[in-house]
Amino acid sequence: MLKNMIILELDYKGQIFVLYKIIHKRHAVLLFFSYSCYDTEMKEIFLSPYDPKSTESRIYELWEQSGFFNPDVCIEKGVTNADAEAFSIVLPPPNVTGTLHMGSALMLAIEDTLVRHARMQGKKTLWIPGTDSAAIATQARVEKDIQKAEKKSRHDLGREELQKRIDIFIEQNKSTMINQMRAMGSSLDWSRYAYTMDEKRYTAVMEAFVKMYEAGLIYRGNRIVNWDPKGQTTISDDEIVHEERKSFLYTFKYSKDFPISISTTRPETKVGDTAVAVHPDDTRYQAFVGKEYSINFCDSEIKIKIIADESVEKEFGTGALGVTPAHSQIDWEIADRHNLERPQVINEYAKMMAPGRLSGLKTTEARDEVVKWLRENDLLEKEEEVTQNIATAERTGGIVEPLPKLQWWIDVEKEFTIPHSNIPNIKSGDRTSLKKIMENSVGENGVSFVTERFEKQYMHWAKNLRPWCISRQIWFGHRIPVWYKEEEIYCGVNPPTETGWTQDSDVLDTWFSSGLWTFTTLGWPEKTKDLETYHPTTIIESGYDILPFWIARMILMSGFFLGEVPFKTVYLHGLVRDGQGRKISKSLGNNIDPVDMAEKYGMDAVRVSLIVGMSPGTDSKISEEKIRGYKNFANKLWNIARYVLTSTENLTDDTVELSPKDMEIKNELDAVITDVNRHFETYRIDMAFDTVYQYIWHRFADEIIEESKVILIGTDEALKVSRQKVLIHILETSLKLLHPFMPFVTEEIWLNLNKKNDRMLMVTKWPQ
RNA sequence: GCGCGGUUAGCUCAGUUGGUAGAGCAACCCGUUUACACCGGGUAGGUCACAGGUUCGAGUCCUGUAUCGCGCACCA
């Protein structure tokens, strides 16, 4: 009778009225009669299709109230042994400026799966939640909002007022973000929540800076930096995106008397030239090496020395390089080797500082002006169109202008004595450097990568490590704990007590504090129990796009401050793309919002859709159809539970031995468990899920249950009871195996299996 | 330029130490008889990018080519 009916329940005067809509081909007939559920054994909840909406928040509340997200509570309540193996993950803190997107949803789904699995295995399991202040992005966002609403710049507001506005903005966004993480079902230990700018973390960052400064690894120096004129700040090499553009390569001479022609794509910088470099072996120019020329170039008096340097390629252009030390990274290094002057000719607003006709022009205008001048003076020899990679700032899109600036740097090559070390090949008390720490931390007994190719990428990056510029000219962030008074410098966690000191106005690169994240979240610089128990963390899980930014910096920082690696394993996931494999972008309008999708299909379906077909390090696809498919799976499971429940109600004697056939079925399930465990060990959770999914749907439901229908109407009592026992066993095991992936629906079924005295599914023992 | 990946069914992807090619979605056909139509049963669909090599045997290992993508560096 119940088949082919859509059941609508109406609660009326304490009775439940049920509307059955009987489907008969295309005709629908409505019947109306009352049906009392209260007296029956069967849980009325199973009469309707699974409804994630009414379930999920209720279940999450139950979990949270139980306290089991906190490993200390698990030990206290006897769920975990006090001496169990530790398993810890720090959540890569999502940016407070945004809402949860599919990328963070994937991250949460993967990590929660790993964490729930570990917890059920009886490990002391800690997953630390956090949010990130994302200094530059946040400040830019708030400034933009203020500019739009009030037509004011940050300078109109002042540092303190801007800070206040940012704080308000962040408070609002933080709760949205945290609620969305909860909606995902994330079993994060909220009692250990950390925010990158909270008091504890702030102090820790200050402490870290001071320690590195005292070790001589942080220094202030005038070097060439990547300056973003649009964002008015320095940026690191990693924040640069190269864009291909068409431009012209000009070949010319500085003056009629100058013996060598040079080529450039940026003629406007040539007023800052102090040398022409040629290769030492280049016979064409050897006679001129060492000569100096004074020239009036486009209204600027310049002095050009001809030098020989190995870095010049004979074959490129004319084989001679005009050296502009102040506005080119390579030229700056050449100037180092040859002790050249470094006049700055472009300022922070990308405008010319040169005298005469170029004075005050934008660089692009100056370029035209210089070319015009060259033509007028008959100095331009060649003009060819070339495609060039131009450096732009990732955040603002501004064209990066290399400039010399006084900034704070971390010296990655400088040697220091490491007091304590667990890093492979580095012993306590050894002389070492940050670069050596980075190179040695990865490999046997150190950090291992789930996807091998990222290890190669990492090593490549570590080998080419350069001085790291850590100061940023913005207002929101961890302020550099350095004070100046005339010629004196003071560096300390607390400001100097006497008057007359002014603090450095810059803040730290956001990756400086992020690098400390695995241990500042565990209480460092204090020697806490958490730090001892959970560090190094078991695994770091994040998108592969931040490998150099974050993973590498954490290894560097943890190595320096703790003498150990920050994590044992690196699991990097790919980008989430749309159903056709395109990048998700605003212009394509192909964004799929995880929270919207969860409203429609349930969070379990969203989580699983993200995990299926995702192998570590490879981009994955998400589409609404896929999510719908897994909603159906949740419902399938729901109905399996309903069937097992109704057909085992009268199970009386559970001492009966299993029939040979049922024994076989049980062994088969054990093989599935082994497979799933093997996949978990290699972090192939996509395959682990697929194994469970295939088993439940196509073996358990399609075959075993179908078979059972015959057995259960039969007359052989022993066979019947045996089968009932096996059905219950398979259902319970399935729920356990599935729980890390689909925590809500499995917990809900578990709670309705009349197992009131048992633990919640999230802390039952994982099948072995 | 240097380094690293991918190329397997119409689409998206698995394929763990070499041993008869797999899944999901889509397509097509059939199914109103009690867990589920948010379902079931079935059908069709592949020179595993190409060329060569190792091997009794290659999607899997080696060499080369094509092509798409990623990372790093940048040529002034």
Side-chain angles (χ1 to χ4, degrees), chain A residues 1-6 22-27 42 46-47 49-50 237-238 240 242 249-251 262-266 269-270 273 276-277 311-313 315-324 327-331 334 386 388-391 451-461 463-464 466 544-545 547-548 574-575 577-581 601-602 605 609 612-615 617-623 625-626 628-647 675 678-679 681-682 684 686-687 690-691 693-694 697-698 701-702 705-706 708-709:
Chain A
M1 259 311 259
L2 286 177
K3 197 171 160 150
N4 297 335
M5 293 176 181
I6 289 170
I22 300 186
I23 298 164
H24 182 72
K25 295 258 172 172
R26 283 180 198 157
H27 308 285
M42 233 262 278
F46 283 112
L47 284 175
Y50 173 59
D237 292 347
D238 319 302
I240 289 178
H242 292 279
L249 181 69
Y250 303 95
T251 303
I262 58 162
S263 300
T264 185
T265 50
R266 299 199 60 189
T269 65
K270 297 289 112 184
D273 282 13
V276 163
S311 69
V312 180
E313 285 199 29
E315 282 72 32
F316 186 84
T318 61
L321 167 68
V323 182
T324 323
H327 299 287
S328 153
Q329 192 88 43
I330 290 174
D331 296 4
I334 294 175
V386 290
Q388 200 196 11
N389 280 331
I390 192 156
T451 313
E452 213 178 312
R453 73 171 207 270
F454 290 125
E455 181 170 332
K456 288 178 190 162
Q457 229 178 71
Y458 169 90
M459 290 310 290
H460 185 77
W461 193 85
K463 281 202 180 85
N464 294 307
R466 306 171 64 142
Y544 64 66
D545 48 334
L547 171 71
L575 293 174
R577 294 166 179 274
D578 74 359
Q580 284 121 58
Y601 305 108
S609 311
V612 169
M614 171 229 44
S615 63
T618 315
D619 293 351
S620 52
K621 323 271 181 298
I622 187 93
S623 61
E625 295 79 65
K626 196 172 173 185
R628 193 185 304 128
Y630 290 103
K631 181 208 180 310
N632 296 351
F633 179 57
N635 193 54
K636 184 79 184 178
L637 189 70
W638 190 252
N639 283 299
I640 289 171
R642 172 178 164 188
Y643 172 79
V644 173
L645 209 69
T646 45
S647 41
D675 273 2
R678 206 188 60 234
H679 291 316
E681 273 160 32
T682 51
R684 290 303 303 265
D686 54 321
M687 287 167 79
D690 195 54
T691 307
Y693 174 90
Q694 290 306 326
W697 201 315
H698 299 300
D702 289 350
I705 286 183
E706 288 309 316
S708 304
K709 288 176 184 170

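By convention in this document, chain letters (A, B, ...) are assigned in the order of the sequence lines, proteins followed by strands, and residues within each chain are numbered from 1.
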Closest to the [X] side chain, choosing from [options]:
{"X": "A:Gln457", "options": "B:rG71, B:rA35, B:rA76", "value": "B:rG71"}
{"X": "A:Lys636", "options": "B:rA14, B:rC72, B:rG40", "value": "B:rG40"}
{"X": "A:Asn389", "options": "B:rU16, B:rA73, B:rA14", "value": "B:rA73"}
{"X": "A:Thr264", "options": "B:rG40, B:rC38, B:rA76", "value": "B:rA76"}
{"X": "A:Trp697", "options": "B:rA76, B:rA35, B:rG40", "value": "B:rG40"}
{"X": "A:His460", "options": "B:rC72, B:rA35, B:rG15", "value": "B:rC72"}

Close side-chain approach of A:Tyr643 to A:Ile705, heavy-atom, < 4.5 Å | yes
I'd like a list of close polar pairs between nucleotides 23-27 of chain B and the protein, N/O only, cut-off under 3.5 Å.
unit_1, atom_1, unit_2, atom_2, d
B:rA23, O2', A:Gln694, NE2, 3.2
B:rG24, OP1, A:His698, NE2, 3.4

Under 4.0 Å, counting only non-hydrogen atoms across every strand here, what does [X] touch: a base, just sugar-phosphate, or nothing?
{"X": "A:Ala634", "value": "nothing"}
{"X": "A:Ile262", "value": "nothing"}
{"X": "A:Arg678", "value": "base"}

Output the rounded distance in Å from [atom1] ([X]) to [atom2] ([N]).
{"X": "A:Phe454", "N": "B:rC4", "atom1": "CZ", "atom2": "C1'", "value": "10 Å"}
{"X": "A:His679", "N": "B:rU16", "atom1": "NE2", "atom2": "P", "value": "11 Å"}
{"X": "A:Asp686", "N": "B:rU16", "atom1": "CG", "atom2": "P", "value": "13 Å"}
{"X": "A:Ile330", "N": "B:rC74", "atom1": "CD1", "atom2": "P", "value": "6 Å"}
{"X": "A:His242", "N": "B:rA73", "atom1": "NE2", "atom2": "C1'", "value": "7 Å"}
{"X": "A:Trp461", "N": "B:rC72", "atom1": "CH2", "atom2": "P", "value": "10 Å"}
{"X": "A:Arg453", "N": "B:rC70", "atom1": "CZ", "atom2": "C1'", "value": "7 Å"}
{"X": "A:Leu321", "N": "B:rC74", "atom1": "CG", "atom2": "P", "value": "14 Å"}

If you measure from the [atom1] atom in [N] to the same atom in [M], how many Å do you get, rounded?
{"N": "B:rC25", "M": "B:rG71", "atom1": "P", "result": "33 Å"}
{"N": "B:rC50", "M": "B:rG6", "atom1": "C1'", "result": "15 Å"}
{"N": "B:rG46", "M": "B:rG59", "atom1": "C1'", "result": "11 Å"}
{"N": "B:rC68", "M": "B:rG53", "atom1": "C1'", "result": "26 Å"}
{"N": "B:rC28", "M": "B:rU34", "atom1": "C1'", "result": "29 Å"}
{"N": "B:rG24", "M": "B:rC39", "atom1": "P", "result": "13 Å"}
{"N": "B:rG3", "M": "B:rG45", "atom1": "P", "result": "44 Å"}
{"N": "B:rG5", "M": "B:rA49", "atom1": "C1'", "result": "15 Å"}

Could you summarise the pairing of RNA chain B as dot-bracket text, marking Watson-Crick and G-U pairs under 3.5 Å with ( ) or [ ] inside the strand and | across strands?
-> (((((((..((((.....[..)))).(((((.......))))).....(((((..]....))))))))))))....
Give a yes or no on whether the ring-centroid distance for A:Tyr630 and A:Tyr601 is below 6.0 angstrom.
-> no
Only one of A:Ile262, A:Leu321, A:Val323 clears side-chain contact (heavy atoms from CB on, under 4.5 Å) with A:Val276; which?
-> A:Ile262
Taking N and O atoms by type only, does the side chain of A:Asn635 place a donor or acceptor under 3.5 Å from a partner on the base of B:rC36?
-> no
base_contact_polar (B:rA35 base, A:Glu706 side chain, donor-acceptor, <3.5 Å) | yes
Looking at residues at least two apart in the chain, or sitting in another chain, which of them share a salt bridge (charged side-chain N to carboxylate O under 4.0 Å, His left out) with A:Glu315?
-> none
Are OP1 or OP2 of B:rC39 and a side-chain N or O of A:Asn639 less than 4.0 angstrom apart?
-> no
Just to confirm, is there a sub-4.0 Å distance from OP1 or OP2 of B:rC72 to any side-chain nitrogen or oxygen of A:Lys456?
-> no
Mind checking whether A:Phe633 and A:Trp697 have parallel, tilted or perpendicular rings, split at 30° and 60°?
-> parallel
